[in-house]
Amino acid sequence: MQLSNQLVQWYHQHKRDLPWRHTTNPYVIWLSEIILQQTRVEQGLPYFNRFLEKYPTVSDFAAATEDEVLALWQGLGYYSRGRNMLVTARLVQELHGGVFPSSWEQLIKLKGIGEYTAAAIASFSANEAKAVVDGNVYRVLARYFGISEPINSTQGKKIFQQMADEMLDRENPALHNQAMMEFGAMLCKPKNPACGICPVREGCYAFKHNATATLPVKINKTKIRERYFNYLLIKNDNEILMHKRGAGDIWANMYELPLIETEQLMEVHHVLETPSAKPFIGGNIRIKAVSQVYKHVLTHQRLYVRFIELDGFENELEQDYFFTEVKKLKNLALPQIIFIFLTKFLN
DNA sequence: AATACGGGGCC
DNA sequence: GGCCCAGTATT
């Protein structure tokens with residue numbers, strides 16, 4: 001029996017009951033697929049429910065503000081997904097009158113939808129014969145067929161996409177795609193795959209050659225940059241000074257405390273003597289408290305983050321700085337490190 | 001072709 | 001500490 005059929009059979013018996021598997025509404029599928037990009041099901045699930053409740057249709061989504069979407073996205077990471085969703089929702093509202101497209105060709109034109117997501121939405125919502133290739137599919141194919149071509153090389157991506165296309169069950173693309181991914185996520189896991197109970201191990205290269213630990217192959221280790229963030233806590237009664245970040249760096253368009261970034265870890269009073277601290281010092285400013293240094297790890301950056309509480313601020317506010325009531329902070333999309341600290345500090 | 005972009009879970 | 005997760009956009 002073909003691998004595809006075996007996995008579909010396995011899928012029927014072992015699939016998880018996930019909300020987006022009960023619909024063929026392309027808008028709902030889209031919501032789930034964007035949220036699940038580079039994100040585990042367990043982490044994305046509550047976000048999916050919140051988004052669907054707040055924006056039941058793409059027209060509702062299109063009417064949202066970016067602040068609102070980002071605040072709802074808070075904590076999920078890769079925030080460009082949220083920003084791109086709003087762009088796409090508005091485009092669908094304008095171009096398609098609020099009818100979310102379900103063909104691969106229309107989908108691929110939309111912001112935030114790449115080859116994988118277009119194939120997922122098209123197959124799940126309209127049963128279009130497009131094979132999905134995500135991290136799960138790479139792993140299953142590499143192990144089963146013993147492909148050592150790197151999955152993230154240009155050549156490798158082409159090979160795997162081609163293999164996936166060839167083995168696609170063209171009668172049942174939606175089922176086939178779901179089965180491939182679910183199998184990869186639940187059984188053919190990155191670490192400790194459950195080969196002991198695997199229904200296709202007899203035909204599996206990696207099982208036969210004891211190579212599950214070395215397949216798939218991936219190149220390009222990410223380089224990590226270290227940064228030093230000194231955040232200023234400036235609070236008057238029930239208001240706190242906040243800053244809206246711009247584009248071109250992490251956390252684009254999100255909200256943070258006034259930030260002084262330094263080249264290295266230095267004493268607090270030296271931090272306050274740097275030129276970028278100028279807008280916040282002077283007058284009767286004094287240091288009230290200093291937090292520990294938190295290490296916050298991102299994909300390409302290691303942040304060393306410290307919070308400096310100041311007293312006696314009386315300067316003019318520059319562009320993108322504003323005081324906000326503490327009670328209204330929940331309306332602002334905060335990076336996780338800011339959210340965690342403020343939650344602790346303000347309670 | 002390489003790099004940027006979050007946060008969390010697992011080993 | 002390193003790897004990976006229902007990847008995409010940008011350089």
Side-chain angles (χ1 to χ4, degrees), chain A residues 15-16 18-21 29-48 70 73-85 87-88 107-124 130-140 142 150-158 160-161 164 174 177-186 188-193 213-214 216-225 227 245 247-254 295-303 333-340:
Chain A
K15 67 178 172 185
R16 290 168 288 184
L18 301 173
W20 46 85
R21 289 186 174 154
I29 311 262
W30 168 70
L31 217 47
S32 73
E33 289 301 337
I34 303 295
I35 286 172
L36 291 175
Q37 284 169 4
Q38 294 292 285
T39 304
R40 282 168 218 280
V41 166
E42 309 84 69
Q43 191 187 0
L45 189 50
Y47 287 83
F48 171 80
L70 285 177
W73 200 272
Q74 179 179 305
L76 198 54
Y78 283 178
Y79 296 93
S80 64
R81 290 182 290 172
R83 297 196 309 271
N84 288 339
M85 278 185 111
V87 172
T88 284
L107 290 162
I108 196 68
K109 296 176 184 166
L110 300 172
K111 194 97 166 166
I113 298 182
E115 279 197 55
Y116 161 78
T117 305
I121 300 173
S123 64
F124 300 154
K130 289 283 182 181
V132 297
V133 182
D134 73 334
N136 294 306
V137 176
Y138 279 123
R139 191 167 54 251
V140 171
I151 61 173
N152 55 347
S153 69
T154 304
Q155 181 71 250
K157 287 182 203 165
K158 226 161 76 179
F160 282 96
Q161 181 70 56
N177 282 336
Q178 291 280 14
M180 293 283 294
M181 290 195 288
E182 186 76 341
F183 179 76
M186 304 289 291
C188 196
K189 296 174 294 182
K191 305 278 181 186
N192 301 328
T214 55
V217 173
K218 200 170 180 179
I219 49 171
N220 305 340
K221 277 170 297 202
T222 59
K223 289 169 190 124
I224 294 191
R225 174 161 70 118
R227 300 174 76 178
R245 293 178 64 86
D249 197 354
I250 56 173
W251 306 327
N253 299 358
M254 294 174 69
K295 187 166 145 183
H296 188 70
V297 180
L298 309 179
T299 307
H300 291 87
Q301 303 185 21
R302 256 199 298 272
L303 306 181
L334 307 174
Q336 203 64 345
I337 183 69
I338 303 287
F339 176 75
I340 289 169

- Taking CD1 from A:Ile151 and C1' from C:dC5, how many angstroms apart are they, rounded to a whole number? 11 Å

- Query: Can you check whether A:His296 has a side-chain N or O nearer than 4.0 Å to OP1 or OP2 of B:dG6?
  - Reply: no

- Message: Whole angstroms only, please: what is the CG-C1' distance between A:Leu36 and B:dG7?
- Response: 14 Å

- Rounded to the nearest 0.5 angstrom, the NZ-CZ distance for A:Lys130 and A:Phe124 is 14.5 Å

- A:His300 side-chain N/O to B:dC5 phosphate OP1/OP2 under 4.0 Å: no

- Task: Tell me whether the OP1 or OP2 atom of B:dG6 has a side-chain N or O from A:Gln38 closer than 4.0 Å.
- Result: no

- Task: Please determine if a side-chain N or O atom of A:Thr117 lies less than 4.0 Å away from the OP1 or OP2 oxygen of C:dT8.
- Result: yes

- Task: Have a look at A:Asn152 and say if it touches a base, only the backbone sugar-phosphate, or nothing, with a 4.0 Å heavy-atom cut-off.
- Result: nothing

- Query: Taking atom P of B:dG6 as reference, at what distance in whole Å does atom CZ of A:Arg40 sit?
  - Reply: 18 Å

- Item | Residue-phosphate contact under 4.0 Å: A:Lys295 side-chain N/O, C:dG1 OP1/OP2 | yes

- If you look at every strand shown and take non-hydrogen atoms under 4.0 Å, does A:Gly184 touch a base, only sugar-phosphate, or nothing? nothing

- Message: Any side-chain N or O of A:Trp251 below 4.0 angstrom from OP1/OP2 of B:dG7?
- Response: yes

- Task: For A:Ile34 and C:dA6, give me the distance from atom CD1 to atom C1', rounded to whole Å.
- Result: 10 Å

- Do any N or O atoms from the side chain of A:Arg302 and from the backbone of A:Ile224 form a donor-acceptor pair under 3.5 angstrom? no

- Message: Here's a test of your reading of the structure: between A:Val41 and A:Lys191, which maps to the more 5' nucleotide of DNA chain C?
- Response: A:Lys191

- Query: Say you pick atom P in B:dG9 and the same atom in C:dT8; how far apart are they, in whole Å?
  - Reply: 24 Å

- Query: When you measure from the side chain of A:Trp20, which nucleotide among C:dA9, B:dG6, C:dA6 comes out closest?
  - Reply: C:dA6

- How close or far is atom P of C:dC4 from atom NZ of A:Lys221, stated in whole angstroms? 12 Å

- Query: Tell me: CD of A:Glu42 to P of B:dG9, nearest whole Å?
  - Reply: 9 Å

- Message: Does A:Gly114 reach a base, just sugar-phosphate, or nothing at all? Heavy atoms under 4.0 Å.
- Response: sugar-phosphate

- Query: Should A:Tyr78 and A:Asn84 count as side-chain neighbours, where that means a heavy-atom distance under 4.5 Å?
  - Reply: no

- Same-atom distance (C1') from C:dA9 to B:dG8, integer angstrom: 23 Å

- For A:Arg81 and A:Leu76, indicate whether the former's side chain and the latter's backbone hold a donor-acceptor pair under 3.5 Å. yes

- Query: Does C:dC5 have OP1 or OP2 sitting under 4.0 Å from an N or O in the side chain of A:Arg139?
  - Reply: yes

- Just to confirm, is there a sub-4.0 Å distance from OP1 or OP2 of B:dG7 to any side-chain nitrogen or oxygen of A:Tyr79? yes

- Message: Categorize A:Gln336 for me: base, sugar-phosphate, or nothing, with a 4.0 angstrom heavy-atom threshold over every strand shown.
- Response: sugar-phosphate

- Side chain of A:Thr299 - closest among C:dA6, B:dG7, B:dG6: B:dG6

- Query: Do the side chain of A:Asn152 and the main chain of A:Lys218 share a donor and acceptor less than 3.5 angstrom apart?
  - Reply: no

- Locate the shortest heavy-atom distance separating A:Gly112 from A:Gln37; write the atom from each residue and the value. O-NE2, 3.4 Å

- C:dA9, B:dC5, B:dG9: which one has an atom nearest the side-chain heavy atoms of A:Lys111? C:dA9

- Specify the separation, in whole Å, of atom NZ of A:Lys189 and atom C1' of B:dC11. 12 Å

- Contact under 4.0 Å: A:Lys157 side-chain N or O vs C:dT8 OP1/OP2: no

- Message: Looking at A:Glu182 and A:Arg21, is any side-chain nitrogen of the basic one under 4.0 Å from a carboxylate oxygen of the acidic one?
- Response: yes

- Message: Can you measure A:Asn177 atom CG to C:dA6 atom C1' for me and round it to whole angstrom units?
- Response: 11 Å

- Which one, C:dC4, B:dA2, C:dA6, comes nearest to the side chain of A:Asn220? B:dA2

- Proximity to the side chain of A:Tyr78 - top-ranked nucleotide from B:dC5, C:dA6, B:dA2: B:dC5

- Quick one: is A:Lys223 getting a side-chain N or O under 4.0 Å of the B:dT3 phosphate, OP1 or OP2? yes

- For the base of B:dC5, is there a side-chain donor-acceptor partner from A:Arg81 under 3.5 Å away? no

- Message: Can you check the distance between C:dA6 and B:dT3, where both ends of the measurement are the C1' atom (answer in whole Å)?
- Response: 22 Å

- Spell out, as yes or no, whether a donor-acceptor pair under 3.5 Å connects the side chain of A:Arg225 to the backbone of A:His300. no

- Starting from the 5' end of DNA chain B, give me the residue, A:Asn192 or A:Gln155, whose nearest nucleotide shows up first. A:Gln155

- Query: Can you tell me if the side-chain N/O atoms of A:Gln37 get under 4.0 Å from OP1 or OP2 in C:dC5?
  - Reply: no

